[in-house]
Amino acid sequence: MPVTEWIQRTHASRRRGRPRRAALGIALAVVAAATISCATEEERVHSIGYAIDNTVTSYNANTVDGAASGARQAFTRVLPGFGYIAPSGYAVSDTDIGTATAVPGDPFTVQYRLSPDSVYSDGVPMSCDDLVLTWAAASGRFTTPDESGGQVNVFDSSRRGGYADIDRVDCQPGSKDATVVFKGGRGDADWNTLFGATELMPAHIAARQAGVADLVGAINGNNLDEVRRIAEFWNTGWSLTPGEFDPALFPSAGPYRIESYTAEEGLVLVANERWWGNAPGTDRIVVWPRGTEMTAAAESGQIQVVDVGAGSMSEAHRVVGAVESSTVISRNLEQIVFATRGVFENPAARRAFALCVPRTQLFDELGASGAGSGFATGPVSSRLLATDSPLYPQTAGPAERYLQPDLEAARGERTASGQDRMEVRIGYLTPDDRRARTVELIAASCRDAGIDVVDAGSESFVPSQLGTDVDAVLGGTAAAAGSGGTADMDIARGALHSGTGSNIGGFANGRVDEILDGLLVAGDQQGVSGLVGDGERILWDEMPTLPLFVQPRSIGFASGLAAGVPNPTTAGSGWNMDRWILTG
């Protein structure tokens with residue numbers, strides 16, 4: 001059987017809905033080994049360019065804006081964790097970093113053990129301190145009052161999910177071992193997605209910059225003053241701006257580390273000399289995100305891998321044309337996220353807008369048919385289930401009202417919201433031809449419903465502008481501008497929970513929170529079906545987001561590049577960049 005066919009079959013095979021992890025690792029190892037054995041050092045190209053359709057503004061892919069950026073696509077092999085998102089969309093263990101062993105019982109417990117050789121590129125060993133920091137940031141355990149009198153996480157974390165179900169992380173500072181103890185009755189079904197690639201940030205850097213001698217002690221001892229200082233750095237201290245790079249703040253725990261970052265030369269990753277696993281197949285990977293001279297790089301032959309939204313970058317057509325690309329159906333859900341204040345404070349206003357959006361026309365012109373693939377063959381009807389889930393067809397009912405524009409109903413809902421006319425500013429990261437066309441079609445359809453749509457896209461757009469500079473965000477799963485989504489839908493579901501930073505619209509519904517918490521521990525299809533059914537009925541009525549279609553991606557690899565495997569998920573196609581080898 002050809003190796004490429006073996007990989008495809010491995011991705012498709014699942015046990016309890018997940019890929020066979022060992023088989024996937026063996027398949028990729030065979031690809032790399034076969035290529036290395038056939039290529040001499042003279043034949044190999046020692047630098048590979050990788051173009052993505054997002055900005056890279058932070059090393060920390062876990063903040064709200066960092067998660068929506070291209071940080072996950074750029075740093076999966078710079079900041080690895082106990083698992084990564086494979087092309088199937090499911091989490092796969094990364095034993096180079098360590099092992100995670102579940103201990104059945106109540107409370108549910110997981111024993112994490114970092115590799116004894118694991119060390120950051122600055123010479124500081126990885127330790128359980130890194131897990132404690134990740135948990136503290138995402139759990140929502142440390143809060144501060146907000147403007148409305150409520151409480152918000154002091155960490156600007158995009159995630160929550162299973163981290164909020166962890167009762168404690170037992171860790172001796174500096175140790176390679178951590179025992180993660182969940183709350184009673186909260187044995188998360190998808191616990192293996194925790195502490196994954198790009199989620200383990202170097203705790204020693206955060207502690208040093210915050211002036212905290214004992215990070216673990218501060219967090220486990222609830223020292224709010226010290227935790228706030230740690231959070232201040234965690235939130236903004238790992239920002240990345242082309243031309244401004246201090247290597248001391250950005251140590252790597254993966255096969256690559258950052259060497260430099262400029263608009264002219266891109267984000268340069270080089271082999272990490274302290275990496276303890278298999279050496280990367282190529283010495284240098286240059287990531288070309290938005291905000292760099294990507295088009296010039298493509299014209300000069302410096303780009304060999306492309307992963308962008310289909311139809312999004314025709315203004316830089318040479319980028320997509322630099323390699324032979326194909327359209328791939330992704331795990332990314334193209335959607336509109338509404339602010340729940342201003343023009344969209346009343347749910348009737350959100351329903352009015354949804355009723356004038358030409359969802360079927362948008363799918364026909366800008367989406368991709370999933371016929372024969374198991375994916376949706378029309379506008380998406382669920383926010384909580386992947387379109388290839390066997391339960392997905394059951395979610396169609398509440399969405400049927402919004403398949404085609406109903407301007408009379410839209411006008412009725414607009415009037416019910418108390419507005420004679422509405423102006424809606426839609427924000428997104430530009431340039432993006434597909435999203436510009438989306439806004440154009442929506443504006444034309446909604447005008448006669450008394451809703452004026454303004455294209456508020458910009459090159460500096462970030463999702464946190466929602467509710468101030470814009471009234472709605474056009475983006476992917478959890479408002480990601482580029483790659484996004486997983487098969488487990490954990491990121492998509494989390495973005496609807498009132499306690500999660502990625503819920504940028506500020507939607508809050510107690511019953512929806514209960515449903516999302518229930519889905520984290522639901523272990524049977526009947527339980528999932530009941531929760532999803534209840535959830536979708538509420539969500540199509542409250543309308544915090546409007547699903548459009550499964551996003552198509554244009555992904556391509558240069559001829560002669562080995563181990564290039566499309567990964568149309570939040571990880572992006574650089575998920576295994578350390579295995580890439582280009583000959584020529």
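Position 1 is the first residue of the sequence; numbering continues from there.
You'll find the ring centres of Y50 and W288 outside the 6.0 Å limit. The aromatic ring centroids of F338 and F507 lie 6.0 Å or more from each other. If you look at Y163 and W135, their ring centroids are not closer than 6.0 Å.
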>> Could you go through E199 and R159, starting from their C-alpha distance and side-chain angles, then the distance that decides it, and tell me whether this counts as side chain to side chain contact (heavy atoms under 4.5 Å, CB included)?
In response: CA-CA 10 Å; E199 293 184 19; R159 288 203 65 178; 2.4 Å; yes
>> Quick one, L366 with R437, criterion side chain to side chain contact (heavy atoms under 4.5 Å, CB included). Give me CA distance, side-chain angles, the key distance, then yes/no.
In response: CA-CA 9 Å; L366 304 171; R437 177 60 174 162; 4.1 Å; yes
> Could you walk me through whether S312 and D432 pass the side chain to side chain donor-acceptor pair (under 3.5 Å) check?
Replying inline: CA-CA 5 Å; S312 67; D432 191 315; 4.7 Å; no
> Should D364 and T360 be marked as a side chain to side chain donor-acceptor pair (under 3.5 Å) after you check the CA-CA gap, both sets of side-chain angles, and the distance that decides it?
Replying inline: CA-CA 6 Å; D364 289 343; T360 298; over 6 Å; no
>> The test is side chain to side chain contact (heavy atoms under 4.5 Å, CB included); show your working for I166 and L194 and say whether it passes.
In response: CA-CA 11 Å; I166 295 173; L194 303 177; 4.3 Å; yes
> Are Q551 and S330 close enough, and set up right, to give a side chain to side chain donor-acceptor pair (under 3.5 Å), and what steps lead you there?
Replying inline: CA-CA 6 Å; Q551 185 189 105; S330 76; 4.7 Å; no
>> side chain to side chain donor-acceptor pair (under 3.5 Å), that's the test. Do Y428 and D455 meet it? Break it down for me.
In response: CA-CA 9 Å; Y428 60 97; D455 187 326; 2.7 Å; yes
> Going through the checks in order, is the side chain to side chain contact (heavy atoms under 4.5 Å, CB included) test met by I426 and F353?
Replying inline: CA-CA 12 Å; I426 300 180; F353 185 84; 3.9 Å; yes
> Where do D534 and R511 land on the salt bridge (Lys or Arg N to Asp or Glu O under 4.0 Å) test, with the steps shown first?
Replying inline: CA-CA 9 Å; D534 287 349; R511 176 54 185 155; 3.3 Å; yes
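P463 and A68 get closest at one heavy-atom pair: CG-CB, 3.4 Å. When all heavy atoms of R414 and G450 are compared, the pair lying nearest together is CD-O, 3.5 Å. Listed here is the closest heavy atom pair of G572 and S483: CA-OG, 4.1 Å. Residues Q465 and V462 come closest through the heavy atom pair OE1-N, 2.8 Å.
At a threshold of 4.5 Å between non-hydrogen side-chain atoms, the residues V454 and E423 count as touching. A heavy-atom distance below 4.5 Å is found between the side chains of S573 and I555. No side-chain heavy atom of L520 sits under 4.5 Å from any side-chain heavy atom of D190. Using a 4.5 Å heavy-atom threshold, the side chains of P544 and L539 count as touching. Inter-residue side-chain proximity for F549 and P552 is flagged as met; some heavy-atom pair is nearer than 4.5 Å. Between D541 and R537 there is no side-chain heavy-atom pair separated by less than 4.5 Å. In this structure, the side chains of E365 and L441 come closer than 4.5 Å at one or more pairs of heavy atoms. No side-chain heavy atom of R331 sits less than 4.5 Å from a side-chain heavy atom of T477.
Between the side chain of Q335 and the backbone N or O of G476, at least one donor-acceptor pair lies under 3.5 Å. With hydrogens and angles disregarded, a donor-acceptor distance shorter than 3.5 Å links the side chain of N54 to the backbone of S69. Within the 3.5 Å criterion, the main-chain N or O of L385 finds no donor-acceptor partner in the side chain of S389. Checking side-chain atoms of S58 against main-chain N and O of S239 turns up no donor-acceptor pair under 3.5 Å. Using modelled atom types, one side-chain atom of N153 and one backbone atom of A137 make a donor-acceptor pair closer than 3.5 Å. Looking only at distances, a side-chain donor or acceptor of N60 sits under 3.5 Å from a matching main-chain atom of W234.
With salt bridges taken as basic N to acidic carboxylate O contacts below 4.0 Å, none links D165 and K183. Under 4.0 Å is where a charged nitrogen must lie from a carboxylate oxygen, and between E413 and R350 no such pair does. Between R421 and D452 there is a salt bridge, with a side-chain nitrogen of the basic residue lying less than 4.0 Å from a carboxylate oxygen of the acidic one. Using a 4.0 Å cut-off between charged side-chain N and carboxylate O, R435 and E334 make a salt bridge. The existence of a salt bridge linking E408 and R411 is excluded, since no basic side-chain nitrogen approaches an acidic carboxylate oxygen closer than 4.0 Å. Salt-bridge check for R553 with D53: passed, with a basic side-chain N closer than 4.0 Å to an acidic carboxylate O. A salt bridge does not link D517 with R493: every distance from a Lys NZ or Arg NE/NH1/NH2 to an Asp or Glu carboxylate oxygen is 4.0 Å or more. Taking the charged nitrogens against the carboxylate oxygens, R290 and E459 have no contact shorter than 4.0 Å, which rules out a salt bridge. A salt bridge is absent between R401 and D406: the closest approach of a Lys/Arg side-chain nitrogen to an acidic carboxylate oxygen does not fall below 4.0 angstrom.
Side-chain contact, S498 with D513: a donor N or O sits under 3.5 Å from an acceptor N or O. Remark: the T395 side chain and the S381 side chain contain an N/O donor-acceptor pair separated by less than 3.5 Å. Side-chain contact of T569 with N567: a donor-acceptor pair under 3.5 Å is present, judged by distance alone. Side-chain contact of S529 with Q394: a donor-acceptor pair under 3.5 Å is present, judged by distance alone.
The number of heavy-atom neighbours closer than 6.0 Å to CG of D420, taken from other residues, nucleotides and ligands shown, is 12 or below.
A cation-pi arrangement is present between R383 and W540, with the terminal nitrogen or guanidinium carbon under 6.0 Å from the aromatic centre and inside a 45° cone about the axis.
Taken from OH in Y84 to CG in N576, the straight-line distance is 8.5 Å, to the nearest 0.5 Å. The CD1 atom of I303 lies 7.5 Å from the OG1 atom of T295; values are rounded to the nearest 0.5 Å.
The only option from I515, N503, L384 that meets the side-chain contact (heavy atoms from CB on, under 4.5 Å) definition with L496 turns out to be L384.
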